[in-house]
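Just the heavy atoms: all of them, side chains too, but no hydrogens, waters or symmetry mates, feed the values below.
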Amino acid sequence: MTEAEAESDADAAADDRDDHLEATISQRGVLFSAADRILIVRRSTDGGWELPGGRLGPYEDAPVGVHREIVEETGLDVHVGRPVHTASWRNDVDRGRFAVYYRCLVPAALDVASSDPVSLSDEHTDHSWLPPEAAADRLSNVQSEAVAAALEVHDG
């Protein structure tokens with residue numbers, strides 16, 4: 001390899017590093033009730049709707065982390081299933097984001113229609129159990145895609 005070729009390869013490697021997304025990682029659950037309703041929660045910061053979840057703790061196993069976040073935000077002890085969707089993007093202030101969405105099941109013994117078991121943290125002001133299409137209508141595009149992916153697995 002000539003010196004010029006080595007320099008060109010080094011420049012290409014540097015360009016590749018510049019193209020990598022540096023991102024905050026979050027995990028969220030698409031929580032299905034026994035009645036096939038999905039839980040969405042309203043953020044206290046801006047009033048927007050989202051799926052429950054959050055960030056991993058240091059050295060925390062991914063499914064354990066999403067379960068912990070869901071319990072902290074909703075009080076629900078759900079079954080965390082497999083990941084059904086991932087997405088990366090840049091937010092409004094150009095910060096990188098990467099999210100993993102899990103299909104989660106609320107225990108059948110919890111009747112969310114008659115005795116709503118949700119206990120919100122201070123991070124949220126309201127919640128709603130909605131049919132998947134109605135839930136997706138209130139969520140961001142990224143989270144709506146996660147609902148669609150979870151629904152395919154749920155109905156599958």
Over 12 non-hydrogen atoms of neighbours within 6.0 angstrom of CZ in Arg55: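 No - once you tally the heavy atoms of other residues, nucleotides and ligands closer than 6.0 Å, there are 12 at most.
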
Within 6.0 angstrom of Asp92 CG, more than 12 heavy atoms from elsewhere: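 Open.
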
Pair Asp111, Ser114: side-chain N/O donor-acceptor within cut-off below 3.5 Å: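 Asp111 vs Ser114: donor-acceptor pair found between side chains.
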
Candidate pair Glu69 and Leu56, rule side-chain contact (heavy atoms from CB on, under 4.5 Å), full reasoning: CA-CA 8 Å; Glu69 282 287 342; Leu56 280 174; over 6 Å; no

Side chain [X], main chain [Y], donor-acceptor under 3.5 Å:
X: Gln27; Y: Ala62; result: yes
X: Ser44; Y: Glu123; result: yes
X: Arg28; Y: Leu51; result: yes
X: Glu73; Y: Gly53; result: yes
X: Arg97; Y: Trp89; result: no
X: Asn91; Y: Arg95; result: yes

Carboxylate-amine/guanidinium proximity below 4.0 Å for Glu60 and Arg68: yes

Side-chain heavy-atom pair Tyr101, Val142 within 4.5 angstrom cut-off: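 Yes, at least one pair of side-chain atoms sits under 4.5 Å.
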
Do [X] and [Y] land in one hydrophobic cluster if side-chain heavy atoms of ILVMFWY residues count as linked below 4.5 Å?
X: Val106; Y: Val30; answer: no
X: Val118; Y: Val112; answer: yes
X: Ile25; Y: Tyr102; answer: yes

Ile38 and Val147: CA distance, side-chain angles, deciding distance, side-chain contact (heavy atoms from CB on, under 4.5 Å) verdict: CA-CA 9 Å; Ile38 292 177; Val147 168; 3.6 Å; yes

Candidate pair Leu76 and Val71, rule side-chain contact (heavy atoms from CB on, under 4.5 Å), full reasoning: CA-CA 5 Å; Leu76 297 174; Val71 171; over 6 Å; no

Distance under 6.0 Å and angle within 45° of ring axis: Arg138 vs Trp49: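 Arg138 over Trp49 ring: yes.
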
